[in-house]
There are 2 protein chains.
Amino acid sequence: MKIDSEHLEILAMIVERGGLTEGAEALGKSQPSVSRTMALLEDRVGAPLFEAGKRPLRPTELGENLARIGARIHALNAEASRLVQSYRKGHTGRLRIAGTPIFMDGVVSTFIADFQTRRPEVQIAQSYGYFDQLTASLRNGSLDMAIVPLHPSGVPADMSFVPLLPGRNVIAARAGHPLMRRGAITLADIEPYPWIAPPADSPLFRDLQRALKSIGKEEFRVSFSGGTLASIISILAGSDALTVLPYSVVFLSRKTAGLDALRLKIEHPDRQLGMLSLDGATPPPALRQFAGFLADEFALLQARIQHEGQVTQRRG
Amino acid sequence: MKIDSEHLEILAMIVERGGLTEGAEALGKSQPSVSRTMALLEDRVGAPLFEAGKRPLRPTELGENLARIGARIHALNAEASRLVQSYRKGHTGRLRIAGTPIFMDGVVSTFIADFQTRRPEVQIAQSYGYFDQLTASLRNGSLDMAIVPLHPSGVPADMSFVPLLPGRNVIAARAGHPLMRRGAITLADIEPYPWIAPPADSPLFRDLQRALKSIGKEEFRVSFSGGTLASIISILAGSDALTVLPYSVVFLSRKTAGLDALRLKIEHPDRQLGMLSLDGATPPPALRQFAGFLADEFALLQARIQHEGQVTQRRG
DNA sequence: TGCTAATATTGCTTTGCGTTATGAAGATAG
DNA sequence: CTATCTTCATAACGCAAAGCAATATTAGCA
């Protein structure tokens with residue numbers, strides 16, 4: 001004896017409105033329709049839901065109790081509708097984002113924070129990884145979007161890539177570093193200082209090797225390696241060590257972390273930092289929202305970086 | 001965009017069971033049926049509820065959230081079914097019972113108490129009234145059953161009457177009353193004592209008049225009138241007053257209230273105390289339960305009364 | 001690669017909901 | 001008490017959807 005929840009909702013509305021006709025109107029249905037539905041429900045329940053021979057249709061004890069339940073069901077159903085609406089607009093959902101650690105910590109996470117104040121119902125699960133692992137996760141559906149440095153030619157065939165920033169790297173040190181005051185820096189100037197290296201399997205580590213090689217430095221002394229951005233910044237701040245970081249990271253950490261970039265041009269890899277996502281799957285609508293937000297924010301960031309560069313050049 | 005609650009319940013079951021096939025089985029439906037239902041729901045929702053290309057069908061974030069709501073709807077629906085079941089068996093409901101005050105207070109209320117320990121979900125609204133008022137209430141649906149003294153010929157055509165006890169009245173006084181020790185009582189013996197009278201519009205008051213006339217007493221001194229049984233008992237207990245009460249009331253109050261019946265035969269009206277109910281209307285199922293219970297209890301009571309009578313006679 | 005089990009699709013029937021048109025009956029006012 | 005209004009019930013019919021069996025498809029796995 002299964003009762004149709006819809007019937008209970010209709011019953012609830014009739015009781016709430018105090019009459020079948022008004023209930024039907026409120027439900028947007030015809031009066032005969034709900035009349036028959038109630039007759040059917042009474043049949044199945046096997047007991048009268050309305051007092052017989054009363055014209056402004058009044059519920060019996062049982063009818064009232066069932067109506068109470070119907071009202072609660074209606075509330076739940078409406079909640080489901082709201083959930084779906086919200087989800088479709090991208091205002092609700094769970095996003096699984098991953099990317100290379102330094103860039104995620106140094107840049108993306110601050111934008112995520114902004115996004116979450118705007119869309120608090122979107123929960124974001126952030127994790128870290130490098131290219132191979134990230135593409136695998138995208139393919140098996142355990143990740144919605146990856147943020148990686150990538151050369152346009154390296155985009156897998158089954159994925160799309162939206163560039164956010166050029167992948168320009170700089171040599172970073174603490175703001176008060178002895179080398180900071182120098183106008184032009186030579187290889188010899190750099191020689192005495194130890195290096196902090198990103199994890200050996202990271203693209204940034206390879207960038208570091210290539211960058212130093214590009215300015216003629218084949219060997220370098222690593223005083224610290226493998227840490228997250230937070231520990232790298234701590235160590236940079238408390239020592240005269242150098243490291244290679246994306247310029248955007250240095251730019252955003254300048255003031256808060258007392259970091260700066262050395263006036264030394266190094267080869268920057270021909271890559272772009274951008275958003276990578278799988279083509280086939282239906283993306284969560286929240287992803288569109290988030291991707292759009294990131295694109296906007298990064299455009300702004302790039303403008304700020306360029307403006308700063310001009311000012312510096314003019315001053316320098 | 002209204003979502004079918006049934007669909008949400010199905011979704012919940014699939015998620016709970018961890019697979020479409022098992023969900024279908026648990027629901028007692030065929031696998032294709034629930035498969036298509038879910039396809040339809042996904043269509044309407046406009047977003048995937050299950051991860052694409054996963055064989056033990058796993059819900060998406062949205063699917064899981066909707067399933068949670070579905071589970072709550074299912075619980076409510078089941079609650080409704082239980083309510084209906086319970087109601088149909090007469091284990092739940094509201095009964096509106098009314099009757100003549102003395103008899104309700106003295107006899108019926110104790111049985112109501114017993115019934116309620118057995119069926120705590122049945123709520124009983126008790127009220128008081130005399131014949132005309134009670135039949136009117138029965139007819140307009142504001143009363144489910146009346147308990148009244150009635151001659152079989154007086155049963156209205158549109159009602160049924162189930163007798164419970166003969167309407168035998170006795171003259172009652174406190175157990176230690178001077179007249180109690182006497183074997184045979186004459187009219188002269190009664191003369192000195194004042195009377196307590198029921199409300200003047202009650203059948204019991206007319207009974208009192210008739211009873212006294214039947215033993216030749218036309219005039220009597222009324223020292224108190226109009227009270228409920230509780231006050232009548234108090235006054236009887238604290239004085240040597242006499243009154244007329246149904247024997248069943250005296251019988252049940254004997255021990256607790258220190259009441260007894262005088263050894264003086266009076267004319268008892270040719271009426272039966274019984275249950276009166278309207279024929280046409282569908283009675284609440286709980287009424288059957290209650291009426292059956294009362295019939296049983298009164299049969300027992302009558303047996304106890306008869307047994308007591310025999311013992312007393314043998315002793316007397 | 002090929003097997004197995006899970007899910008999707010297809011074709012068909014039945015059920016129930018929606019509508020409009022119309023009938024019956026309680027409520028109400030004079 | 002009857003005339004009238006309002007409210008609810010019934011009838012007839014089309015359509016959407018749910019049910020089932022049979023069958024195709026595909027992910028997981030050895």
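What you see is a predicted model; the values in this text were computed from it and never measured.
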Is the Phe293(B) to Phe111(B) ring centre distance short of 6.0 Å?
-> no
Taking the side chain from Thr60(A) and the backbone from Pro48(A), do they hold a donor-acceptor pair closer than 3.5 Å?
-> yes
Do Tyr87(B) and Asn65(A) get their side chains close enough for a donor-acceptor pair, meaning under 3.5 Å?
-> no
Would you check if Leu276(B) and Met145(B) make a side-chain contact, meaning some heavy-atom pair closer than 4.5 Å?
-> no
DNA chain D: first to last nucleotide in contact with chain A (atom under 4.0 angstrom from a heavy atom), 5' to 3', is dT7(D) to dA12(D)
Pro32(B) vs Arg36(A), nearer the 5' end of DNA chain C by closest nucleotide = Pro32(B)
DNA chain C: first to last nucleotide in contact with chain B (atom under 4.0 angstrom from a heavy atom), 5' to 3', is dA6(C) to dT9(C)
Does any N or O in the side chain of Gln31(B) come within less than 3.5 Å of the main-chain N or O of Thr21(B), such that one atom is a donor and the other an acceptor?
-> no
If you look at every strand shown and take non-hydrogen atoms under 4.0 Å, does Thr21(A) touch a base, only sugar-phosphate, or nothing?
-> sugar-phosphate
Spell out, as yes or no, whether a donor-acceptor pair under 3.5 Å connects the side chain of Ser33(A) to the backbone of Ser30(A).
-> no
Side-chain (Ser109(A)) to main-chain (Met104(A)) donor-acceptor, under 3.5 angstrom = yes
Ion pair check, Lys2(A) and Glu9(B), cut-off under 4.0 Å = yes
To the nearest 10 degrees, what angle separates the axes at the start and end of the helix from dT1(C)-dA30(D) to dG30(C)-dC1(D), five pairs each?
-> 40°
Contacts of Gln31(A) and His7(A) projected onto DNA chain C by closest heavy atom; the upstream (5') one is His7(A)
Can you check whether Ile124(B)'s main-chain N or O pairs, donor with acceptor, with Arg94(B)'s side chain at less than 3.5 Å?
-> no
List the steps, then state whether side chain to side chain donor-acceptor pair (under 3.5 Å) holds for His151(A) with Arg271(A).
-> CA-CA 4 Å; His151(A) 188 273; Arg271(A) 293 181 310 196; over 6 Å; no
